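Protein chains get the first letters and strands the later ones, always in sequence-line order, with residue 1 at the start of each. Nothing here was measured: the structure is a model prediction, and the numbers come from that model.
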Protein chains: 2
Amino acid sequence: MKKSVAIDMDHVLADIEQQMIKWYADQYGVLVAKETLKGKAEQEAFPDKEKLRKLLFMPGFFRDTEVIEGAIDAVKKLIEDFEVYIVSAAMEFPQSLGEKKEWLTEHFPFISWKNIVFCGDKSIIDTDFMIDDHMKNLNYCKGRGMLFTASHNANIEYDVRVNNWKEACDYLYQNR
Amino acid sequence: MKKSVAIDMDHVLADIEQQMIKWYADQYGVLVAKETLKGKAEQEAFPDKEKLRKLLFMPGFFRDTEVIEGAIDAVKKLIEDFEVYIVSAAMEFPQSLGEKKEWLTEHFPFISWKNIVFCGDKSIIDTDFMIDDHMKNLNYCKGRGMLFTASHNANIEYDVRVNNWKEACDYLYQNR
């Protein structure tokens with residue numbers, strides 16, 4: 001039987017960091033340098049955390065996010081050998097539900113709707129692997145968690161860290 | 001630790017059967033009697049299955065569905081003693097995502113967004129109990145499945161059947 005992998009969206013498939021920088025600049029006229037985000041929680045990394053949070057509720061924010069480098073080819077390969085589920089904690093931002101589904105249909109049309117999950121917390125998700133950028137999700141992971149590097153988690157220690165999609169695939173194929 | 005319960009939406013919280021009858025009559029001018037649905041798969045119970053399926057993609061179909069009798073009080077009680085998750089296989093009908101979230105906010109405002117899951121198949125959902133009207137979901141259930149009676153499943157045999165929300169609560173409290 002194929003092993004199962006839960007793949008997060010924000011910061012793992014979708015370049016939310018870049019989108020935050022872009023929208024923060026467009027909306028508030030302040031350009032935050034990517035280098036300054038390293039090692040800071042997302043809400044602490046921008047000048048005004050309330051303003052940052054507002055972006056996440058704005059129509060369009062999630063819809064035109066760029067894809068993380070290597071993600072499309074990696075997921076296309078992984079679905080041949082694993083049961084791949086896209087699992088996004090989207091429920092906090094209701095307007096994102098439709099946008100995230102459209103985004104997946106555009107960039108990952110080869111993923112069946114059967115394998116997409118939008119949830120609140122991820123504690124009831126049971127897969128052999130979970131690729132995520134947040135410890136709050138990995139801490140409740142029932143299988144093997146894999147911390148996907150993002151600026152905000154740069155200083156966190158965790159057993160299995162993958163810095164990019166090549167490393168993520170290498171780890172999965174070595175451990176399937 | 002509280003035991004966890006996954007609760008389906010369609011036919012369990014939301015009276016989709018009644019909604020199908022109403023919308024089929026409104027859209028196509030054919031009133032199907034509720035009694036004739038008994039023991040038939042949903043797609044076979046209406047005169048034209050393609051027309052029925054079209055309803056599920058129409059804006060508004062899910063939004064103003066009535067609540068199943070007793071569901072609100074039951075869920076309000078259950079969240080005191082169980083970890084309750086609403087788990088709906090909504091991903092096949094993307095326009096339903098926003099509508100279902102709004103519907104839950106209106107009728108079940110006491111359920112946190114953290115406890116809502118919209119998915120495709122339910123095979124990666126791991127809870128102690130799962131209340132659902134479809135065997136395709138219960139067959140992959142990792143915990144104790146509970147078949148919630150709907151016309152379409154009237155002739156199916158299953159270990160644990162609950163005919164209404166009183167029976168569902170009785171079973172859960174006897175087995176927690």
Side-chain angles (χ1 to χ4, degrees), chain A residues 1-9 56-57 59 62-63 79 82-106 108-109 111-131 134 136-137 140-143, chain B residues 1-9 56-57 59 62-63 79 82-106 108-109 111-131 134 136-137 140-143:
Chain A
M1 208 170 91
K2 288 178 180 178
K3 287 195 173 175
S4 55
V5 189
I7 300 176
D8 182 34
M9 285 182 72
L56 307 179
F57 290 91
F62 290 96
R63 183 60 188 89
I79 60 174
F82 295 84
E83 277 295 327
V84 172
Y85 290 88
I86 309 302
V87 181
S88 175
M91 210 54 73
E92 188 174 4
F93 312 105
Q95 96 293 349
S96 79
L97 296 169
E99 293 187 17
K100 286 192 166 191
K101 177 66 173 65
E102 285 177 18
W103 188 89
L104 284 171
T105 302
E106 179 185 345
F108 296 84
I111 294 173
S112 163
W113 58 266
K114 293 182 181 171
N115 292 46
I116 300 172
V117 182
F118 292 162
C119 57
D121 75 43
K122 299 188 181 178
S123 59
I124 60 168
I125 304 299
D126 181 15
T127 51
D128 296 309
F129 300 94
M130 176 177 280
I131 307 177
H134 274 295
K136 68 182 176 199
N137 295 323
Y140 293 98
C141 173
K142 295 171 200 282
Chain B
M1 207 172 91
K2 289 179 178 178
K3 287 194 174 176
S4 55
V5 188
I7 300 176
D8 183 33
M9 285 182 73
L56 307 179
F57 290 91
F62 290 95
R63 182 62 188 87
I79 60 173
F82 295 84
E83 278 295 326
V84 172
Y85 290 87
I86 309 301
V87 181
S88 176
M91 209 55 71
E92 189 175 3
F93 312 107
Q95 96 294 351
S96 81
L97 295 168
E99 293 187 16
K100 287 194 166 189
K101 177 67 174 64
E102 284 178 18
W103 188 88
L104 285 170
T105 302
E106 179 185 344
F108 297 83
I111 293 174
S112 163
W113 59 264
K114 292 181 183 172
N115 292 46
I116 300 173
V117 182
F118 292 161
C119 56
D121 75 44
K122 298 189 181 179
S123 59
I124 61 168
I125 303 300
D126 181 15
T127 51
D128 295 310
F129 299 95
M130 175 176 280
I131 308 177
H134 274 293
K136 67 182 175 196
N137 295 323
Y140 293 98
C141 173
K142 296 170 200 284

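- Shown here is A:Y140, whose OH atom has no more than 12 heavy atoms of other residues, nucleotides or ligands within 6.0 Å.
- In this structure, A:Y85 and B:S123 have side chains that are in contact, with non-hydrogen atoms separated by less than 4.5 Å.
- Smallest separation of non-hydrogen atoms from B:L97 and A:K101: CD1-CB, 4.0 Å.
- Chosen from B:D121, B:V117, B:I124, B:V87, the residue pairing most often with chain A at heavy-atom distances under 4.5 Å is B:I124.
- Taking each heavy atom of A:I125 and B:I125 in turn, the nearest pair found is CD1-CD1, 4.1 Å.
- Interface residue B:T127: only side-chain heavy atoms are found under 4.5 Å from chain A.
- When each of B:Q95, B:K114, B:E83 is scored by its heavy-atom pairs under 4.5 Å with chain A, the top score falls to B:K114.
- Within the 4.5 angstrom heavy-atom criterion, only side-chain atoms of A:K142, from C-beta onward, approach chain B.
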